[in-house]
Amino acid sequence: MKTKLIIFATIIICALQSNAQDRFDLLDEKLNQLSKNYPGVNEKVELSVNSTSIQDFLRAIATSNNLNINVDPTLDIKITNNFKNVTAKEVLIYVCKNYNLEINFIGPIMTVGRYNPATQVKINPKKINIEYNPTAELLSFDLKADTLSSVTKEITKLSDKNIIFSPELSGKLVSGYVQNAPFSSALEKLAFANDLKVSLSPDNFYIIEKKTFNGDKQNLTGGVTNPFGQINSNPQLQVSEGMVTADLQNTPILDIVNSVSKELGKNYFLFSELKGNATVKVKQANYDDFLKLLFNGTEFTFKKEGEIYLMGDRNLEGLRSSKVITLKNRTVEKVIEHIPSELKKGIDIKPFDDLNGIIVSGSQPRINELESFLKQIDQIVPLVHIEVIIADVRKSNTLSAGISAGLGQKPATTSGTLVPQFDLNLNANSINNLISGINGLGVINLGNVTPNFYLTIKALEEQGVLKVRSTPQLATLNGHEAKLSIGKTEYYLEVQNQLVNTNNVQQNLLQSQQYKPVNADLALTIDPQVSGDEQITMTINVKQSTFTERISNTAPPGSINRDFQSLVRVKNGEMIMLGGLEENTTSHSGKGLPGISRIPFIRWLFGDRTKTKSENKLTIFIKPTIIYG
């Protein structure tokens with residue numbers, strides 16, 4: 001008996017292999033016939049794909065080889081392979097062999113779909129995933145393209161509750177997923193997800209019927225007929241090869257989702273009713289992208305779990321997501337302050353300092369929008385290194401010359417210097433000796449001066465040059481100020497006197513002294529702004545103050561203040577020079593005999609003259625350099 005069974009099984013297997021070989025031989029012959037008018041069939045194909053849908057894969061071959069290939073949109077096949085130096089015909093046969101497909105020819109058009117042999121080996125029926133808890137009357141099911149008749153039969157067997165359906169639904173395929181829901185509610189959700197309706201008859205029979213619509217309800221075609229008919233006959237909504245093309249005006253969102261999902265064979269579950277209308281214009285979008293566009297700007301969203309799309313209000317628990325968005329180049333405290341208020345709506349945002357990130361919770365589309373914004377601003381902030389050269393040059397020249405004479409209280413002493421300055425004081429004896437020498441010439445007799453007479457002759461020129469150079473270096477982030485301050489502090493004495501009465505009779509004088517500081521600073525402030533072409537715009541503020549002479553030893557020194565502001569633009573690494581802080585001072589003073597002191601040259605013999613000239617010039621060089629971290 002066993003031998004007969006083995007022989008019978010071998011015969012069946014050989015017959016199946018023979019039929020399969022005949023099928024592929026016939027396919028090869030048909031492709032050879034097609035290649036006579038379409039040489040692309042025998043042209044070489046080079047493709048390398050990874051987890052690519054069969055629709056996209058065959059569409060690429062059709063485009064590159066000028067072929068007409070239509071692929072069944074319900075095929076859920078991912079291809080990972082590398083084809084090189086093979087013909088399109090060989091690839092098509094390979095795909096049909098490995099994925100149990102067939103090609104139907106209508107003229108030059110090839111339609112690829114699943115192979116449905118006329119005679120099949122009997123297999124075990126598909127298990128219907130249905131569970132029922134009779135104590136709590138809770139129903140669970142996980143259905144995917146199961147016939148309505150087998151589903152209702154299984155539910156009736158498990159629950160002892162009678163379910164019937166209208167005759168036109170005998171071949172209806174249903175899909176859905178429900179976990180531990182009340183029996184009546186689970187049936188309603190199953191009917192709703194598959195364009196059906198369920199009602200309970202007076203004799204406790206559940207009746208499943210095709211959903212009907214009011215005559216005045218607008219459908220996808222703009223008329224009043226059933227919107228869940230063949231949408232490919234609607235020019236405003238077309239589905240081809242898994243892609244959706246739509247041009248709809250003010251159409252109910254629920255009708256759109258039902259029609260497109262049905263045509264593409266997508267399973268979905270609604271957490272809440274999709275209310276409202278939408279205007280959609282899209283071309284060649286896949287199902288996920290189509291839903292994103294459809295729900296954009298509405299209160300609805302979707303999430304995919306396995307092969308089931310969950311849809312409903314964005315704020316519902318099942319559609320809410322949480323995520324940590326980390327930042328690479330910015331600090332989280334500063335970023336949160338700059339997030340627009342519109343992006344914060346409907347999202348809970350909290351900083352997470354340990355990871356320099358943000359914890360967000362809300363609907364996934366809003367989280368995606370916020371994450372996209374954060375990626376745009378999470379850029380490297382340029383560091384600007386600023387080299388500063390401060391050159392302060394001070395020049396002075398003083399010329400003092402003249403002759404002075406007079407009578408002192410006592411005889412003077414002859415003294416003075418000849419080098420480096422000419423400054424002599426002559427007493428009466430020295431002057432009389434000089435006069436005697438002149439009188440010895442026999443021309444003029446000048447006589448003698450009194451003992452207390454003195455004569456002072458002075459001729460002095462002083463020059464000074466002081467150069468101060470400092471080279472500080474600063475660094476700051478783009479858009480932040482860099483400050484530099486170099487200063488000098490001097491002190492002056494402040495005395496306060498206060499009279500204090502004692503016993504209303506005696507007054508005491510209290511005196512307090514305090515040394516108070518006075519500052520003279522050179523302050524430099526630079527605010528750099530880096531543009532996209534590495535141009536640096538700098539706002540520069542310079543303030544300089546210097547001390548002048550005191551009017552007394554205890555008085556505060558005077559000061560001269562100079563400042564300027566500048567807005568400049570330089571290239572990365574270029575040096576600029578800032579000047580203009582220049583001070584020139586010229587002073588003339590003298591004394592002499594009236595009238596004679598105004599005569600050129602002679603006034604130097606009968607007077608005392610002093611001429612002072614000073615020049616102070618401050619120059620600043622600035623060189624900014626951009627450093628990227």
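Keep in mind it's a predicted model, so treat the numbers as computed, not measured. Residue numbers run from 1 in the order of the sequence given. Just the heavy atoms: all of them, side chains too, but no hydrogens, waters or symmetry mates, feed the values below.
Between the Asn572 side chain and the Ile626 main chain, a donor and an acceptor come within less than 3.5 Å of each other. The main-chain N or O of Lys292 is never found under 3.5 Å from a side-chain atom of Asn296 such that the two would form a donor-acceptor pair. Between the side chain of Asp72 and the backbone N or O of Leu75 there is no donor-acceptor pair closer than 3.5 Å. Remark: the backbone N or O of Glu43 is not paired with any side-chain donor or acceptor of Thr87 at under 3.5 angstrom. Although no hydrogens or angles enter the test, the distance criterion places no donor-acceptor pair under 3.5 Å between the side chain of Ser48 and the main chain of Asn82. Side-chain atoms of Asp378 never come within 3.5 Å of backbone atoms of Leu374 as a donor-acceptor pair (strictly under, hydrogens ignored). Looking only at distances, no side-chain donor or acceptor of Asn162 sits under 3.5 Å from a matching main-chain atom of Phe205. Between the side chain of Thr152 and the main chain of Ile164, no donor-acceptor pair closer than 3.5 Å is present. With Ser64 contributing its side chain and Ile61 its backbone, the two residues share a donor-acceptor pair below 3.5 Å.
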Kindly indicate, with the supporting measurements, whether the criterion ring-ring contact (aromatic ring centres under 6.0 Å, His included) is fulfilled by Phe83 and Tyr94. CA-CA 11 Å; Phe83 297 98; Tyr94 168 82; 5.5 Å; yes
Apply the test side-chain hydrogen bond (donor to acceptor under 3.5 Å, both in side chains) to residues Asn204 and Lys161: give CA-CA distance (whole Å), side-chain angles for both, the deciding distance (0.1 Å), then the verdict. CA-CA 8 Å; Asn204 292 327; Lys161 298 181 184 293; over 6 Å; no
Leu264/Val260 under side-chain contact (heavy atoms from CB on, under 4.5 Å): CA gap, chis, key distance, verdict: CA-CA 6 Å; Leu264 293 177; Val260 175; 3.9 Å; yes
Leu143 vs Ile128, test: side-chain contact (heavy atoms from CB on, under 4.5 Å). Steps then yes/no. CA-CA 7 Å; Leu143 307 175; Ile128 308 298; 3.9 Å; yes
What's the verdict on side-chain contact (heavy atoms from CB on, under 4.5 Å) for Arg114 and Glu102, showing C-alpha distance, side-chain angles and the deciding distance? CA-CA 6 Å; Arg114 291 198 179 277; Glu102 66 177 353; over 6 Å; no
May I have the step-by-step check of side-chain contact (heavy atoms from CB on, under 4.5 Å) for Leu190 and Leu139, ending in yes or no? CA-CA 11 Å; Leu190 175 63; Leu139 181 64; over 6 Å; no
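Counting heavy atoms from C-beta on, the side chains of Lys172 and Ile208 never come closer than 4.5 Å. Using a 4.5 Å cut-off on side-chain heavy atoms (C-beta onward), Gln529 and Asn478 make contact. Leu291 has its side chain within reach of Met311: a pair of non-hydrogen atoms, C-beta onward, lies under 4.5 Å apart. Between Glu131 and Phe141 there is no side-chain heavy-atom pair separated by less than 4.5 Å. Counting heavy atoms from C-beta outward, Leu254 and Leu270 have side chains that approach closer than 4.5 Å. The shortest side-chain heavy-atom distance between Thr251 and Val280 does not fall under the 4.5 Å cut-off. Taking the side chain as every heavy atom from C-beta outward, Leu187 and Ile155 approach each other to under 4.5 Å. At least one side-chain heavy atom of Arg23 sits less than 4.5 Å from a side-chain heavy atom of Tyr115.
Shown here for Ala145 and Leu173, the closest heavy-atom pair between the two residues is O-CD2, 3.8 Å. The two atoms that bring Lys344 and Ile336 nearest to each other are NZ-O, 3.4 Å, heavy atoms only.
If you take OG on Ser140 and OH on Tyr177, they are separated by 7.5 Å, rounding to the nearest 0.5 Å. Thr111 OG1 to Asn68 CG: the interatomic distance, rounded to the nearest 0.5 Å, is 10.0 Å. Here the straight-line distance linking atom CG of Asn277 with atom CD1 of Ile253 works out to 7.0 Å at 0.5 Å rounding. Here the CG-OG1 distance, from Asp313 to Thr298, works out to 9.0 Å after rounding to the nearest 0.5 Å. Atoms OG and CG, from Ser175 and Asp146 in turn, are 7.0 Å apart once rounded to the nearest 0.5 Å. From Arg366, atom CZ reaches atom CD of Glu342 across 8.5 Å, with rounding to the nearest 0.5 Å.
With sequence neighbours left out, the side-chain contact (heavy atoms from CB on, under 4.5 Å) criterion links Lys157 to Lys153, Glu154.
Note on ring orientation: taking the six-membered ring where Trp is involved, the planes of Tyr132 and Phe183 are perpendicular (angle over 60°, cut-offs 30° and 60°).
Applying the 6.0 Å contact sphere to NZ of Lys44 captures more than 12 heavy atoms from other residues, nucleotides or ligands.
Geometrically, Lys97 engages Phe24 in a cation-pi contact, judged by NZ or CZ lying under 6.0 Å from the ring centre and within 45° of the ring axis.
Using a 4.0 Å cut-off between charged side-chain N and carboxylate O, Asp56 and Arg59 make a salt bridge.
For residues 273-297, every residue pair satisfying the ring pair (Phe, Tyr, Trp, His ring centres under 6.0 Å) rule, not counting sequence neighbours, is listed here: Tyr287-Tyr309.
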